[in-house]
Chemist: 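Sending over a structure as structure tokens; questions will come in a sec.
Each chain gets a letter, A, B and so on, in the order its sequence line appears, and its residues count up from 1.
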Protein chains: 2
Amino acid sequence: MLLLLNLIPTKNASMKIKPLLDYIRKYVDLTQEEEAILTSKVIFRKYLKGQYILQHGDVCKYQCFVISGCTKTFFLDDEGQEHIILFSVEDWWTSDMGSFITQTPADLNVQCIENTELIMFPIETTEELYDKIPKLERFFRKIIERGLVATQKRLIRNFSLSAKDRYLYFKNQYPDIEQRIPQYMLASYLGITKEFLSKIKSQLLLED
Amino acid sequence: MLLLLNLIPTKNASMKIKPLLDYIRKYVDLTQEEEAILTSKVIFRKYLKGQYILQHGDVCKYQCFVISGCTKTFFLDDEGQEHIILFSVEDWWTSDMGSFITQTPADLNVQCIENTELIMFPIETTEELYDKIPKLERFFRKIIERGLVATQKRLIRNFSLSAKDRYLYFKNQYPDIEQRIPQYMLASYLGITKEFLSKIKSQLLLED
DNA sequence: AAAACATGTTAATCTAGTTTAACATTCAGT
DNA sequence: ACTGAATGTTAAACTAGATTAACATGTTTT
């Protein structure tokens, strides 16, 4: 019975793709035909907690939209230290853009820290999709613009805020994410050690 | 005589815009008509050393391509400390993308640290330009993708490299820029104090 | 040529954040 | 219920980089 249901891809796909279409609608208006073309060109996929969507050294073949779950994007420095640069939850994107646009081996790793459902845009169909649906190119331009601004602001925060203020900013900006991830991963994201994050939190508890 | 020459805008413009057209050609191929439309929609402007192209609090109305000269993009933190996030020289871009895309007051300042010649893309004609020349939207998508990757890599470097290694990276990546800017600005860009940069440089001199 | 200002150096003291290591706690697997 | 692995806390010693301040050099302005 379950197997049978899996043989009806369009119905299945049209339900799963809803979060993405809702998201796209905030930026551009697609016709029903355009939505159908889009649906036919993307890939739905589930990963289990711990699985890698992208591994350092592999060429990044997809830009991924997260339907459910949570991923961490990180790299390992020369000492093998893990540095998390992004958590992606529902309605966020993940990939190694550098690897994707140049089709060279990735510096970054993307690993699921929860069971995760994704919609993947394969590199082979991306240009075709832009040609067929110029509005999608506009959409991607806009979200990449926003991505650039967000990254720039993060850079600024790292320059100008103390570790404590970066933690408070994160807590305030993404109140739900803190509950979903281990503290040592948050410490890595904030650019500090887990011990120091622990110290910051106990200091904050004393303050009020 | 000089005045007379200035009355021939097209010829003037067609000479000045060459560096931009050469730059665009690396990403997309424009027809002669498209190049002419582009030329008619952008603004050429010169600034003197010290002048501001954008000031914190103003809404950013332009994305600027640098033909000659050098600008610094910076912000002031709560203590009034200046943090430089970008130097833009020939063939680089500058603006406050966050302010530009949302048309809200800028966090950033852009100031010329040399006499600087720019080509400015005004916000009012940008969408029109994208509609008339979809290849330009592709062009901007591509350069913004590259901008995002560069910013992300800078974030990674700030997390994983020591001040010394960040300095060496800069020196290696932009050997000519170091000669054009005062050390205290480079220190600000690297996220360290000018005194510490001075120490790093004297340490490096001792090393070999 | 002097004054004034911008930039650079050196060195002492200070601090934010790291490292190490010992000990709790939580939670999954048997 | 027991064990081991993953995660979290605390505290001491340590280090990268900041701060302050005194002095040096260079470059505009008058």
Chemist: Identify whether NZ of Lys or CZ of Arg in B/K164 sits under 6.0 Å from the centre of the six-membered ring of B/Y167 and within 45° of that ring's axis.
Modeler: no

Chemist: In residues 151-161 of chain A, which ones come under 4.0 Å of DNA chain C, going by heavy atoms?
Modeler: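 Those residues: none at all.
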
Chemist: Is NZ or CZ of B/K142 both nearer than 6.0 Å to the six-membered ring centre of B/F139 and within 45° of the ring axis?
Modeler: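 No cation-pi geometry.
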
Chemist: Rounding to 10 degrees, work out the angle separating the end axes of the helix from C/dA1-D/dT30 to C/dT30-D/dA1 (five pairs an end).
Modeler: 40°

Chemist: Would you say C/dG17 has OP1 or OP2 under 4.0 Å from some side-chain N or O of A/R166?
Modeler: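 Yes, because at least one side-chain N or O of A/R166 sits under 4.0 Å from OP1 or OP2 of C/dG17.
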
Chemist: If we ignore hydrogens and angles and just use 3.5 Å, is the side chain of A/T126 paired with the main-chain N or O of A/P122 as donor and acceptor?
Modeler: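 Yes, the answer is positive, given that a donor and an acceptor are paired below the 3.5 Å cut-off.
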
Chemist: Side-chain N or O of A/S202 versus OP1/OP2 of D/dT10: is the shortest distance under 4.0 Å?
Modeler: yes

Chemist: Taking A/R141 first and then A/E137, would you say they form a salt bridge - that is, a charged N and a carboxylate O separated by under 4.0 Å?
Modeler: no

Chemist: Name the residue closer to the 5' end of DNA chain C, choosing between A/A163 and A/E195 according to the nucleotide with the nearest heavy atom.
Modeler: A/A163

Chemist: State whether B/Y189 and B/R154 meet the cation-pi test: NZ (Lys) or CZ (Arg) under 6.0 Å from the six-membered ring centroid, and within 45° of the perpendicular axis.
Modeler: yes

Chemist: Could you check which of C/dT10, C/dT18, D/dA11 has an atom nearest any side-chain atom of A/K199?
Modeler: C/dT18

Chemist: Below 4.0 angstrom, which residues in residues 167-186 of chain A have at least one non-hydrogen atom near DNA chain C?
Modeler: none

Chemist: For the residue pair A/F121 and A/F140, does the interplanar ring angle fall in the parallel (under 30°), tilted (30 to 60°) or perpendicular (over 60°) class?
Modeler: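 Perpendicular, since the angle between the ring planes exceeds 60°.
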
Chemist: With a 4.0 Å limit, can you tell me whether B/T193 has a side-chain N or O closer than that to the phosphate oxygens OP1/OP2 of D/dG17?
Modeler: no

Chemist: Does B/R138 come within less than 4.0 Å of A/E127, counting only side-chain N to carboxylate O?
Modeler: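 Salt bridge between B/R138 and A/E127, a charged N being under 4.0 Å from a carboxylate O: yes.
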
Chemist: Output the distance between atom CG (B/L197) and atom CZ (B/R166), rounded to the nearest 0.5 Å.
Modeler: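 Reported to 0.5 Å precision, the distance equals 11.0 Å.
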
Chemist: Could you go through A/F75 and A/H83, starting from their C-alpha distance and side-chain angles, then the distance that decides it, and tell me whether this counts as ring pair (Phe, Tyr, Trp, His ring centres under 6.0 Å)?
Modeler: CA-CA 5 Å; A/F75 73 100; A/H83 297 268; 5.0 Å; yes

Chemist: Are the side chain of B/T116 and the backbone N or O of B/E114 linked by a donor-acceptor pair below 3.5 Å?
Modeler: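 Yes, because the side chain of B/T116 sits within donor-acceptor range (under 3.5 Å) of the backbone of B/E114.
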
